[in-house]
Structures are given as structure tokens and as C-alpha cells.
Colleague: 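Okay, handing you the structure first.
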Amino acid sequence: MMKLGKKVLGFTLTLSMLTTMVLAAATYPYGDYAYGTKNIPLKGDLSYSGLMGVQTRPSIAYRHDLRAQNVITGVQTPASGYLQTVQFDIQPLPGVEPEDKFKDKSGYHLVPIEEEIIKDLATKANGNAQWVWEQISNSSHPITKKYMVEKVPYVNMGAIFYLSGGGAPDMRRAEGDGITGPLFRTTYSTTPWPSIPILEQTSDGSLHIKALAHSIYDTSIKGTVTVNGTASKQLFTKNTGVTNYTVTYESNVPLSDLPGIIAGQNTVTLTVTDAFGRTATKTITTQTLPTTGCAKPVLYHESSMEISQYSDQVVSQLKKRGEQLRVGNMFDWSMEFFPDKCYLAEGINNLPGGKSAGKVYSETVNGDPHFTIIMEKWFLWLSDTAKGTLLESASQSVKPLYLNVVDKRTNQIIKQYTLQKGQKIEIPYKVHLMSSPYRLDVLTPLDQRGFWNNQERYGSLWKTYNYPPELKSAINELLKAAQKK
């Protein structure tokens, strides 16, 4: 673990004439203490120094220089030199603890929980400053460690960079004494905001999308499309380990999958968001032909659903607290019918709670009717174990849950598991961790028996007019509900 310990104290200026509170610009170095100031009470989790639980120790304020470097662009912040920051080195209790008790493990790199300095550092880390401030000031994200320096709350420096999509500090001892020169010089890695290199309509009438998100540790990417400024829909989500600090989503999406599409011109806006509140937006105009009735809807199928993974750092933080990662996942096997577009869509989803299996639900978006039926619902617990991952079915459904362990490097299926109601299985794969080369996919019963392997591909989807027996009853219910409308 790196030496942590930093103190920052911003200030606010009250303009009494305007009764307006203005945030002061952050300055470096910052804080109330000159470098070398002794006997500053530091209270918090001092386990890095070998202490148990929350404790208080006297500390000394030392200089710790800092800079950031973007791993994709190479840009450094500041452009030259370093920021002068503060680390607090705790000291043994006089006459109670040996003088060398905290040798080489005494430093805590902290930042006061004050809006101007947190936002300034997040900006320098290429993060979403407002989002980072909200996470640190309003929540207890597992990456954050909070301390009290005298009566002022502080947070660990690493949390700001992690929540900005960065991390991996390269800390090197400097030649200074911590007073006239730095004890350490640290370079944190940072990453760019998401981007949308491609958003265009193809000749076959689909939407070609390519979107990128970046991170040092764990990256997810989510895309939401808005049509004509009103109708919105989450179009995709991808949660994988990073490759060269990047995760890429690329696919062709039928225009008929977009909400609120009308005949003629449509304004389509794609907003891409990463795991750290950073976004990218792009807008294009598409041309759509009129629909021509619906004698027999085409049935589409999306590939199996990937279960979310978590960073080793989050799991490690939980273990330090004596806690175990245990995450619940709710899935449903459902089908949607869009009469005006004349198609059905079947697959694994995570629809809003409160919807029962076997019942048709209808809604109207921009005048277009939309019908949904859930065939089955499952609930799965994933728990971290020493040997791998514990899978536990907490489903009410008597139908088994089908799961594939997939090698993320080759996309090859390593092993398939069938989990019955109430069953627990420990598997020798860390499928809950982003660093693992494996992931866990949830399959539909049609995936499990290989039905879709023999059907036509349509971009990233499968399509057919040959309805499988397992879906005929549900399709009939959807068609009857649409006729009533």
C-alpha cells in the first residue's frame, strides 16, 4: 500500500452585499499547517500502520508532490512540475509505543472534504468533478476512507483519482526532508472521457454504433438513445475488464428498435456514460420508411446477458472491513411485441420489479403501442470464496437457471451450469471479478437447447419467422393483447 496522507483546506468568501457564497479557487500547497508542523491529531482507519480499528495518533505534516498523466494521450497535469500536497505521518504515543513502531508505514495522503479542492483535484484527474464531489460528500463508496484531522473531515487521495476513472499511483521517494522539499513524488494515471467514434445510419436501415469508455481498473459503458427529443431507451450496456485501459461497444442496431421512430426524418441522439459519471453525446438525422402492416411479426433474439463484475480493489476493501462480497442479481426471460414495427424481441432482461410472470403489460410511447410478457423470473446470489464464486439460486421459479462460464479472451464457453431452485454451487472461477479472464452469462432456455444456433443472423441479433414451441403460447397472448388495443 502506498503512503497516504494529504491535507487540504479551502475557504469560502461571503459577499455580504450580495449574500452570495462563492467557492474560492483551490491553491497548492493548501491547509492550515506549515510543512513540519507536529502533534496534529489524526483519527481514522490506521490499519496500514498496523493498528486495529479507528484510532487517533499525533502526526506531522509533510510535503508530498503530485501530478497526473493521461495513459491514452500522455498529457500531464500540471503541464510541468508537480502540485505541492500534504501527507500526515503518524507518530508513536510518547513513552507508550516504540519510536520506530510506524517506520516506513506512517504516511497518510489525505484531502479535506471541501468542495473547491475535491472538485479541483477531480478536474485535474480528468474526472466529472460534480459527480466525484457527490460520491465523496454524500455516500460511503467502498473506495473512500474518511479521517478527521483535528475537527476537519478528510478523505484519502486515491479515492479522488479512482472515482475520476484513474489510479495506479507511481510513488517514488524524493530527496527532500518533507519541509523544504518533498518526501515523495507521485504520478497518478488518468483516462479520457467516453467517446462515440461512429454513429451513422447504414444502407440496410440500421444504426451503426461504436462507443468507447476508459478506466484504469474497471470499466462499464452504457448507451441511451433519445429520438426526436422525447422518447428515450437504454440501448446497450457492457461491463467488462479493461483492455489497454479501454472497453469498446460496437454493433448495428435496427432503427425499428429505437423508441418513437416515425416515418421520414428522425433526430437520434446517443448518450454514452461510463462508470464514473463521465458522458459523451452525439446526434444524427436518420430517414425511416413507413411501416406496412404486420401479417406475421419477425422474432428477434439478443445474445445471452453478462452478469456484472467488480474490481479486485472493491473486494479487497470489503475484506479489510471483514465483509464478503455478496451480490444479488434479478433476471427475467421476457418477450416484447411492437405491432407498429411488426416484430417480437425475446431474451434475458432485467425489467422493473413488480411485474409478474405470465401477464401481458402494455404501454404507449409517442403513440406507439408496446406489449411485454415475462415467461420466467430468477434471482441469483454471487458470493466471493477462496476458491472461486458461490452461486446460489433464490428463485421462485421451478425452471432451472442456465449459466455459461465464458473465457473473455476468446469468447469460448468453458463450462455450463444448471442451477435448480434453492441450489448452491461453488465454481472454481472468479467470475465476479473484472480481473478474471472469465465471465458468467445467463442463458434463455432456447439458448440452452441451441435453438438460435440454426437461425439467421441480423447484425448482433438472431431472427426467425419459425416460432419455437416454448414461445407460441406467450406470442399468442401478446397478439391477442395487441388486437384488443
Colleague: Between Asp384 and Lys430, does any NZ, NE, NH1 or NH2 come within less than 4.0 Å of an OD or OE carboxylate oxygen?
Modeller: yes
Colleague: Hey, are the side chains of Leu207 and Leu270 touching, using non-hydrogen atoms and a 4.5 Å cut-off?
Modeller: no
Colleague: Tell me, please, which residues at least two apart from Glu477 pass side-chain hydrogen bond (donor to acceptor under 3.5 Å, both in side chains).
Modeller: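 Partners of Glu477 under the side-chain hydrogen bond (donor to acceptor under 3.5 Å, both in side chains) test: Lys480.
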Colleague: Which pairs with one or both residues in residues 192-201 pass salt bridge (charged side-chain N to carboxylate O under 4.0 Å, His left out), sequence neighbours excluded?
Modeller: none
Colleague: Can you tell me how far apart OG1 (Thr237) and CE (Met305) are? Round to the nearest 0.5 Å.
Modeller: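 Nearest 0.5 Å value for the OG1-CE distance: 8.0 Å.
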Colleague: According to ring pair (Phe, Tyr, Trp, His ring centres under 6.0 Å), who are the partners of Tyr402, at least two apart in sequence or on a separate chain?
Modeller: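 Partners of Tyr402 by the ring pair (Phe, Tyr, Trp, His ring centres under 6.0 Å) criterion come out as none, since no residue qualifies.
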Colleague: Within the structure provided, determine whether Trp131 and Thr279 are in side-chain contact (heavy-atom separation under 4.5 Å).
Modeller: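 They are not in contact (no side-chain heavy atoms under 4.5 Å apart), so the answer is no.
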Colleague: Under a 3.5 Å distance rule, please check whether Ser215 uses its side chain to pair with a backbone N or O of Tyr217 as donor and acceptor.
Modeller: yes
Colleague: Can you pull out every salt bridge (charged side-chain N to carboxylate O under 4.0 Å, His left out) where at least one residue sits in residues 300-310? Sequence neighbours excluded, please.
Modeller: Glu306-Arg439
Colleague: Once ring pair (Phe, Tyr, Trp, His ring centres under 6.0 Å) is applied, what residue pairs with a partner in residues 403-437 remain, sequence neighbours excluded?
Modeller: Tyr429-Tyr438
Colleague: Parallel, tilted or perpendicular: which describes the rings of His64 and Phe184, with under 30° parallel and over 60° perpendicular?
Modeller: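 Answer is tilted, since the angle falls between 30° and 60°.
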Colleague: Does a side-chain heavy-atom distance below 4.5 Å link Asn70 with Asn126?
Modeller: yes
Colleague: What verdict does the side chain to side chain donor-acceptor pair (under 3.5 Å) test give for Gln201 and His208, after you've listed the backbone C-alpha separation in whole Å, the side-chain angles of each residue and the deciding distance to 0.1 Å?
Modeller: CA-CA 6 Å; Gln201 184 176 358; His208 184 194; over 6 Å; no
Colleague: Under 3.5 Å, is there a donor-acceptor pair between the side chain of Thr73 and the main chain of Val75?
Modeller: yes
Colleague: Excluding sequence neighbours, so at least two apart, what forms salt bridge (charged side-chain N to carboxylate O under 4.0 Å, His left out) with Asp65?
Modeller: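 If we apply the salt bridge (charged side-chain N to carboxylate O under 4.0 Å, His left out) test to Asp65, skipping adjacent residues, the hits are Arg63.
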Colleague: Nearest 0.5 Å please: distance from the OH atom of Tyr245 over to the CD1 atom of Ile72.
Modeller: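 The OH atom of Tyr245 sits 8.0 Å away from the CD1 atom of Ile72.
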Colleague: Taking salt bridge (charged side-chain N to carboxylate O under 4.0 Å, His left out) as the definition, give me every residue that meets it alongside Arg278, ordered by chain and number, with sequence neighbours left out.
Modeller: Asp274
Colleague: For atom NZ of Lys233, decide whether the heavy atoms of other residues, nucleotides or ligands shown that lie under 6.0 angstrom number more than 12.
Modeller: yes
Colleague: Using the rule given for side chain to side chain donor-acceptor pair (under 3.5 Å), can you reason through Gln130 versus Lys119, listing the C-alpha separation, both sets of side-chain angles and the distance that settles it, and then say yes or no?
Modeller: CA-CA 7 Å; Gln130 180 62 33; Lys119 285 186 173 181; 2.7 Å; yes
Colleague: Check whether any side-chain heavy atom of Leu380 lies under 4.5 Å from a side-chain heavy atom of Ile307, and answer yes or no.
Modeller: yes
Colleague: Got a sec: does the CD1 of Ile413 have more than 12 other heavy atoms crowding it under 6.0 Å?
Modeller: no
Colleague: Listed by chain and number, what are the side-chain hydrogen bond (donor to acceptor under 3.5 Å, both in side chains) partners of Asp170, not counting sequence neighbours?
Modeller: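 With sequence neighbours excluded, Asp170 shows a side-chain hydrogen bond (donor to acceptor under 3.5 Å, both in side chains) to Arg172, given in chain and number order.
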Colleague: Which one of Ile209, Val272, Leu235 satisfies the side-chain contact (heavy atoms from CB on, under 4.5 Å) criterion with Tyr249?
Modeller: Ile209
Colleague: Quickly, which of Met157, Arg67, Met171 forms a side-chain contact (heavy atoms from CB on, under 4.5 Å) with Thr186? Name it, please.
Modeller: Met171
Colleague: Quick check for you: to the nearest 0.5 Å, what is the distance between Leu121 atom CG and Thr77 atom OG1?
Modeller: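 Leu121 atom CG to Thr77 atom OG1 measures 11.0 Å (nearest 0.5 Å).
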Colleague: Under the ring-ring contact (aromatic ring centres under 6.0 Å, His included) criterion, do Tyr361 and Phe371 qualify, and how do the steps go?
Modeller: CA-CA 6 Å; Tyr361 295 88; Phe371 302 86; over 10 Å; no
Colleague: Measure from the side-chain N and O atoms of Lys359 to the backbone N and O of Ile374, and report whether any donor-acceptor pair falls under 3.5 Å.
Modeller: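 Answer holds: no.
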Colleague: Tell me, please, which residues at least two apart from Ser473 pass side-chain contact (heavy atoms from CB on, under 4.5 Å).
Modeller: none
Colleague: Going through the checks in order, is the side chain to side chain donor-acceptor pair (under 3.5 Å) test met by Thr444 and Asp447?
Modeller: CA-CA 5 Å; Thr444 71; Asp447 285 320; 3.2 Å; yes
Colleague: So, do Tyr147 and Val155 sit near enough that their side-chain heavy atoms are less than 4.5 Å apart?
Modeller: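 No, every pair of side-chain atoms sits at 4.5 Å or beyond.
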Colleague: Please work out whether the ring planes of Phe276 and Tyr162 are parallel, tilted or perpendicular, with thresholds of 30° and 60°.
Modeller: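 Answer is perpendicular, since the angle exceeds 60°.
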Colleague: Would you verify whether the NZ or CZ of Lys463 falls within 45 degrees of the ring axis of Tyr300 while also being under 6.0 Å from that six-membered ring's centre?
Modeller: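 So Lys463 doesn't make the cation-pi contact.
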Colleague: Are any side-chain N or O atoms of Ser251 and backbone N or O atoms of Val253, one a donor and one an acceptor, separated by less than 3.5 Å?
Modeller: no
Colleague: Run Phe337 and Ile475 through side-chain contact (heavy atoms from CB on, under 4.5 Å) and show every step you take.
Modeller: CA-CA 8 Å; Phe337 177 40; Ile475 290 174; over 6 Å; no
Colleague: Students often mix this up, so state it plainly: with edges at 30° and 60°, are the rings of Phe338 and His370 parallel, tilted or perpendicular?
Modeller: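 Rings of Phe338 and His370: parallel, under 30°.
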Colleague: Between Ala211 and Pro197, what is the shortest heavy-atom contact and its length?
Modeller: CA-CD, 4.1 Å
Colleague: Who passes salt bridge (charged side-chain N to carboxylate O under 4.0 Å, His left out) against Glu376, sequence neighbours left out?
Modeller: none
Colleague: Looking at CG of Leu461 and CG of Asn252, how far apart are the two atoms once the value is rounded to the nearest 0.5 Å?
Modeller: 9.5 Å
Colleague: Would you say Asn476's side chain and Lys472's backbone share a donor-acceptor pair under 3.5 angstrom?
Modeller: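 Yes; judged by distance alone, with no hydrogens or angles, the pair exists.
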Colleague: Would you say the side chain of Leu299 lies within less than 4.5 Å of the side chain of Met335, judging by non-hydrogen atoms?
Modeller: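 They are in side-chain contact.
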Colleague: Please report the interatomic distance CD(Glu336) to CD(Glu363), rounded to the nearest 0.5 Å.
Modeller: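 Interatomic distance, Glu336 CD to Glu363 CD, rounded to 0.5 Å: 8.5 Å.
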Colleague: State whether the side chain of Asp441 and the backbone N or O of Asn404 hold a donor-acceptor pair below 3.5 Å, judged by distance alone.
Modeller: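 Here the side-chain-to-backbone pair does not exist.
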Colleague: Answer whether the closest heavy-atom distance between the side chains of Leu471 and Leu446 falls below 4.5 Å.
Modeller: yes
Colleague: Quick one: does any side-chain atom of Asn349 pair with a main-chain N or O of Asp332 as donor and acceptor, under 3.5 Å?
Modeller: no
Colleague: Should the heavy atoms of other residues, nucleotides or ligands under 6.0 Å from NZ of Lys399 be counted, would the total exceed 12?
Modeller: no
Colleague: How long is the straight-line distance from CG of Leu401 back to CG of Leu391, given to the nearest 0.5 Å?
Modeller: 9.0 Å
Colleague: Cut-off 3.5 Å, no hydrogens considered: what does the side-chain donor-acceptor table look like for residues 221-231, sequence neighbours left out?
Modeller:
from, atom 1, to, atom 2, distance (Å)
Thr226, OG1, Ser232, OG, 3.0
Asn228, OD1, Thr267, N, 2.9
Asn228, ND2, Asn266, OD1, 3.0
Thr230, OG1, Asn366, ND2, 3.4

Colleague: What side-chain donor-acceptor pairs closer than 3.5 Å can you find for residues 418-428, not counting sequence neighbours?
Modeller:
from, atom 1, to, atom 2, distance (Å)
Gln423, OE1, Gln420, N, 2.8
Glu426, OE2, Thr385, OG1, 2.7

Colleague: Examine distances only and state if a side-chain atom of Gln309 and a backbone atom of Leu433 form a donor-acceptor pair shorter than 3.5 Å.
Modeller: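 It does hold such a pair.
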